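The next block holds one structure in the form of structure tokens; read it before the comments.
What you see is a predicted model, and the numbers here were worked out from it, not measured in a lab. Proteins get letters first, then strands, A, B, ... in listed order; numbering begins at 1 in each.
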Amino acid sequence: MPQDKTQEEPTTSDRPNDERYDPQRVETKWFTRWQNDLSLYAADRDSTKKKYYVLEMLPYPSGALHMGHVRNYAIGDALARYMWMNDYNVLHPMGWDSFGLPAENAAIQNNTPPRQWTLGNIAKMKAQMKRLGFAYDWSREVTTCLPDYYRWNQWFFLKFYEKGLAYRKKSRVNWCPKCCTVLANEQVVNGRCWRHEDTLVEQRELEQWFLRITKYADELLRDLDKLDGWPEKVRTMQRNWIGRSEGTLVDFKLDGPAGPAGSTISVFTTRVDTIFGATSVQLAPQHSLIADLTASNPDLRAKVDELIAEQRKAREVGDIGEIEKHGVFTGRYAVNPFNHEKIPIWVANYILMDYGTGAIMSVPAHDERDHEFAKKYKLEIRLVILPLANDPEETATEPPLPYIGHEGMLINSGPYGGLDCADAIKKLSALAEENGFGKATITYRLKDWGISRQRYWGTPIPMIYCEKDGIVPVPEKDLPVILPEAVDIAHAVGSPLGSLPDFVNATCPKCGGPARRETDTMDTFVDSSWYFYRYTDAHNDRAPFDSKIAQYWFPIDQYIGGVEHAILHLIYSRFWTKFMRDLGLITNDEPIKRLFTQGMVIKEGAKMSKSRGNVVSPDEMVARYGADAARLYSLFAAPPDRDLDWQDSGIEGIRKFLARVYRFVIRNAGITSTTSVETSLATSLPPPLSPEARQIRRKLHQTIKRVTDDFQGRWHFNTCISAIMELVNALYAYEEIQGVGRAPSPASETSPDGTQILLAEVQRSLVLLLAPFAPYLAHELWEMLGEKENLLKARWPKYDAALAKEEELVIPVQINGKLRSRISVPADAPESLVLERALADEKVQSFIAGKQLVKKIFVPGKLVNIVVK
RNA sequence: GCCGGGAUGGCGAAAUUGGCAGACGCAGCGGACUUAAAAUCCGCAGGUCCGAAAGGACUGUGGGGGUUCGAUUCCCCCUCCCGGCACCA
């Protein structure tokens with residue numbers, strides 16, 4: 001309805017209503033149209049075009065989008081639309097990371113089954129996304145909590161198992177004694193249970209499934225160097241997380257009788273060159289040997305327990321680094337294999353069981369912590385490294401302790417005295433290996449990925465335990481192991497699935513005898529580790545995806561999301577890709593070519609949160625200002641990689657800008673409809689253009705250049721949008737001078753003159769420039785201009801560098817680096833002319849009069865600087 | 001402690017390669033239109049000082065130094081803020 005009206009009366013603006021930009025009217029009109037065309041944003045299956053895979057991180061279906069989502073998707077959507085307009089075959093899908101805790105939480109609170117709650121939320125959020133106008137190929141939608149997706153999680157798990165990369169082992173987990181269940185790390189808040197604020201979380205040993213990500217630790221680290229399209233910050237975070245450390249394992253022997261834990265104490269050190277300075281061995285309080293050492297020594301046991309308690313407390317408070325170093329002598333000794341020296345074995349609270357071997361050799365002279373500890377307990381401090389003097393003639397002097405430098409020479413080290421540190425490390429490691437008491441090794445901070453969760457709302461782990469055959473994988477043909485629906489989560493003890501006999505009881509695939517099903521589910525990070533491959537072939541029911549199709553689309557050209565996923569999701573995804581490559585499913589080593597991490601949306605300087613009451617709701621913004629304004633503002637208010645401080649007055653300004661564009665086109669659309677747009681390339685304009693019109697043409701080409709350049713990688717959409725604003729301001733100024741559109745020119749009935757062709761071209765380009773950022777308005781205006789073709793398929797405007805060039809330049813003239821005057825010169829004026837005019841300038845004259853000219857600096861097109869004395 | 005990113009008007013920000021600091025927008029002020037208001041349109045606007053005004057002088061990008069004809073930009077030192085890792089052996 002409204003569309004006809006605007007086409008009929010675009011230039012007879014006697015009724016103000018026609019000029020009023022009503023985002024609701026425009027947006028609902030196009031929203032309805034887009035709803036009816038499902039193929040609108042579909043990627044081509046077979047295409048000779050170049051591909052472009054742009055992806056935003058899929059959301060958890062919490063129930064409502066927040067502004068962070070809007071910003072994230074506005075960035076991706078702008079890029080997708082831009083690439084479409086540049087004739088790429090664009091893949092721009094969306095899905096739902098829909099397994100996870102909140103669904104169970106909601107189930108308990110509202111008594112709604114997790115599936116129902118989740119699917120309901122997805123419906124709500126999908127509607128929001130559509131209303132916001134995001135151009136997704138919904139035919140490829142992936143919902144991770146549905147069996148047609150999670151069956152492939154199970155399939156992958158079986159592959160991991162087959163290759164020996166999924167294994168089961170006992171490990172320490174967080175346990176809430178009130179819930180009687182394991183908690184994920186994220187469910188532990190300050191060392192307490194998220195549901196019982198008064199209850200401290202305990203550590204328990206449980207059998208868990210692990211994926212051997214450490215097998216790829218080195219490759220994951222090395223390949224970070226290849227990811228030059230990733231932010232340095234993320235690469236650094238991953239490097240830290242992987243935490244590679246080169247060193248040596250050395251086995252000390254327990255002196256005297258040994259218990260079940262044996263008599264070997266392996267220590268890891270990066271400084272084996274200092275081993276002759278080791279004056280004690282320090283064990284973590286949880287070290288396996290301690291049970292033996294304390295078996296007949298309840299006193300020692302009690303002291304070790306205290307150390308454990310101290311560690312735990314420090315961990316709860318979060319400052320394990322600040323803990324005061326305590327230790328206790330075990331009364332026993334270990335033998336240094338290099339010199340057969342007996343040194344005391346201590347247990348200390350600063351030794352961590354989960355790094356290295358949980359045991360160290362203590363070298364007080366050359367390690368800060370060891371030094372502090374040795375001083376406290378009066379342990380021997382033995383200097384074994386002398387710093388090399390800069391001057392070889394000089395005798396090395398004893399350094400202040402602890403001396404931790406590497407540029408040194410061994411002393412007091414038996415036959416190795418005189419070696420430099422680097423040499424000694426090599427020699428001693430080799431010696432240890434030859435003699436079977438150690439070797440050079442690499443440790444990682446990265447641990448194997450424990451994926452077992454004692455929760456309901458996740459992918460069932462496809463494993464069966466048979467009394468006779470032990471652990472037996474579910475045969476591929478029996479997948480998926482369906483997650484049962486009617487489960488009482490609230491009253492479950494342990495894994496909720498364990499309370500369902502129908503689920504638990506199974507037959508062994510090997511012997512056919514009675515067996516028990518695994519009742520744990522997978523970590524939800526499994527779901528998001530490979531989902532983006534599924535988009536390429538979302539309905540495949542014979543494989544997770546077709547390798548050929550994935551090969552066409554991968555790697556992802558541009559991935560966009562929050563930096564909070566820099567480690568977990570993005571490391572797991574890289575790991576999964578490498579595993580799939582080794583399976584032969586894909587050929588790429590890395591999933592993501594370019595990564596962009598956008599900043600947070602904050603308000604009044606703080607993260608939006610319900611408790612703070614500063615949450616901005618996208619629905620409200622859409623209702624008040626329209627989706628275009630909400631999107632445009634989220635791109636305009638800050639460069640996308642920085643945090644954005646939301647201001648309602650700011651989005652109001654954006655709405656005004658859109659209205660300004662709308663009014664301009666409404667007033668001038670008539671010109672276009674009588675103009676042959678196809679032939680109106682500005683270069684072929686008839687010659688007589690007024691200076692003002694040439695100025696507009698120049699501004700247009702400059703604007704196209706600025707916006708296009710920014711899309712090529714810099715992505716400062718805030719400046720793109722200000723460039724478009726400047727263009728619109730220029731058009732208004734031009735209108736003011738010319739009175740164009742205000743009173744329609746009767747000349748338009750005959751052949752259009754140059755100015756009219758130019759104006760038509762400007763309007764058309766303006767709409768195209770706006771299309772990636774404000775799709776609703778752009779579509780409306782596109783139609784208003786009489787265009788029949790879908791705007792997404794229209795070509796992105798090209799700029800003409802010659803037309804973008806200024807004819808006349810205002811050149812600042814500095815004297816001794818201070819701005820003193822400006823002169824106007826033709827753009828291509830040679831140096832001699834510019835300098836001549838600069839020196840002739842009245843103000844310049846007054847500043848240089850009576851002074852000696854030292855130097856004249858001319859920067860073409862930029863400035864003149866005259867240096868005088 | 002180590003690593004990464006920041007700091008520019010009242011506010012969000014711009015300056016892409018060392019070359020006019022503050023584009024664009026918000027808030028503000030003035031004007032036009034209006035009975036009035038809203039909306040809209042036009043204009044002003046870093047700070048201090050001089051001047052009735054036009055205009056002019058000085059100063060200014062967290063602080064201090066340096067390189068340069070010229071520094072928000074490059075180098076050195078320092079402060080503060082945000083993020084990551086951390087008794088990592």
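In this structure, A:Y444 contributes its side chain and A:T214 its backbone to no donor-acceptor pair below 3.5 Å.
Base pairing analysis places B:U16 opposite nothing; no Watson-Crick or G-U wobble pair with both distances below 3.5 Å involves it. Across all strands shown, nothing is found opposite B:G22 as a Watson-Crick or G-U wobble partner with both distances under 3.5 Å. Both distances falling under 3.5 Å, in either a Watson-Crick or a G-U wobble arrangement, place B:G4 opposite B:C82.
Distance noted for atom C1' between B:G5 and B:U17: 23 Å (whole Å). Comparing B:A32 with B:A39, their C1' atoms sit 14 Å apart, to the nearest whole Å. For the P atoms, the distance from B:G6 to B:G10 is 23 Å, rounded to whole Å. Comparing the P positions of B:G12 and B:G31 gives a spacing of 30 Å, expressed to the nearest Å. B:C78 and B:G4: their P atoms are spaced 15 Å apart (whole Å).
For A:K325 against B:C87, a side-chain N or O and a base N or O form a donor-acceptor pair under 3.5 Å.
Nucleic acid contact class of A:V867 (heavy atoms, under 4.0 Å, all strands): sugar-phosphate only. Counting non-hydrogen atoms under 4.0 angstrom, A:K843 reaches the backbone sugars and phosphates but no base. Across all strands shown, A:K818 has heavy atoms under 4.0 Å from sugar-phosphate atoms exclusively, and none from any base. Within the 4.0 angstrom heavy-atom criterion, no nucleotide atom of any strand lies near A:G243. Among the atoms of the strands shown, none is found under 4.0 Å from any heavy atom of A:D370. In this structure, A:F847 reaches the sugar-phosphate backbone alone: every heavy-atom distance under 4.0 Å involves primed, P, OP1 or OP2 atoms, never a base. Using a 4.0 Å heavy-atom distance criterion, A:N729 is classed as a sugar-phosphate-only contact. Heavy atoms of A:R663 sit under 4.0 angstrom from primed sugar atoms or phosphate atoms, though from no base atom. Counting non-hydrogen atoms under 4.0 angstrom, A:P231 reaches nothing in the nucleic acid.
A:K325 forms a cation-pi arrangement with A:Y350, by the criterion of a distance under 6.0 Å to the ring centre and an angle within 45° of the ring axis.
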Can you tabulate the close N/O pairs, meaning under 3.5 Å, that link protein atoms to atoms of nucleotides 20-23 of chain B?
residue: B:C20; atom: O2; partner: A:R822; partner atom: NE; Å: 2.9
residue: B:C20; atom: O2; partner: A:R822; partner atom: NH2; Å: 2.5
residue: B:A23; atom: O2'; partner: A:E726; partner atom: OE2; Å: 3.0

Enumerate all atom pairs, one protein N or O and one N or O from nucleotides 1-6 of chain B, separated by less than 3.5 Å.
none

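At B:C88, one or more side-chain N or O atoms of A:R369 fall inside 4.0 Å of OP1 or OP2 (strictly under the cut-off). When the side-chain nitrogen and oxygen atoms of A:R660 are compared with OP1 and OP2 of B:C41, one or more of them lie within a distance under 4.0 Å. Side-chain N/O atoms of A:R820 include one lying less than 4.0 angstrom from OP1 or OP2 on B:C58.
Within the structure, ring-ring contact (aromatic ring centres under 6.0 Å, His included) contacts touching residues 632-652 of chain A (residues at least two apart or in different chains) are A:Y633-A:W646. Every pair tested for salt bridge (Lys or Arg N to Asp or Glu O under 4.0 Å) that includes a residue from residues 810-825 of chain A fails, sequence neighbours excluded, so the list is empty.
Listed by chain and number, the residues in a side-chain contact (heavy atoms from CB on, under 4.5 Å) with A:N718 are A:P639, A:H716 (sequence neighbours excluded). A:R445 meets the salt bridge (Lys or Arg N to Asp or Glu O under 4.0 Å) test with no other residue; sequence neighbours excluded.
Ring pair A:Y572/A:W449 is parallel by interplanar angle, where below 30° counts as parallel and above 60° as perpendicular.
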Inset, instruction - Test side-chain hydrogen bond (donor to acceptor under 3.5 Å, both in side chains) on A:Q238 and A:R235 and set out the steps. - result: CA-CA 5 Å; A:Q238 292 210 356; A:R235 294 202 278 172; over 6 Å; no
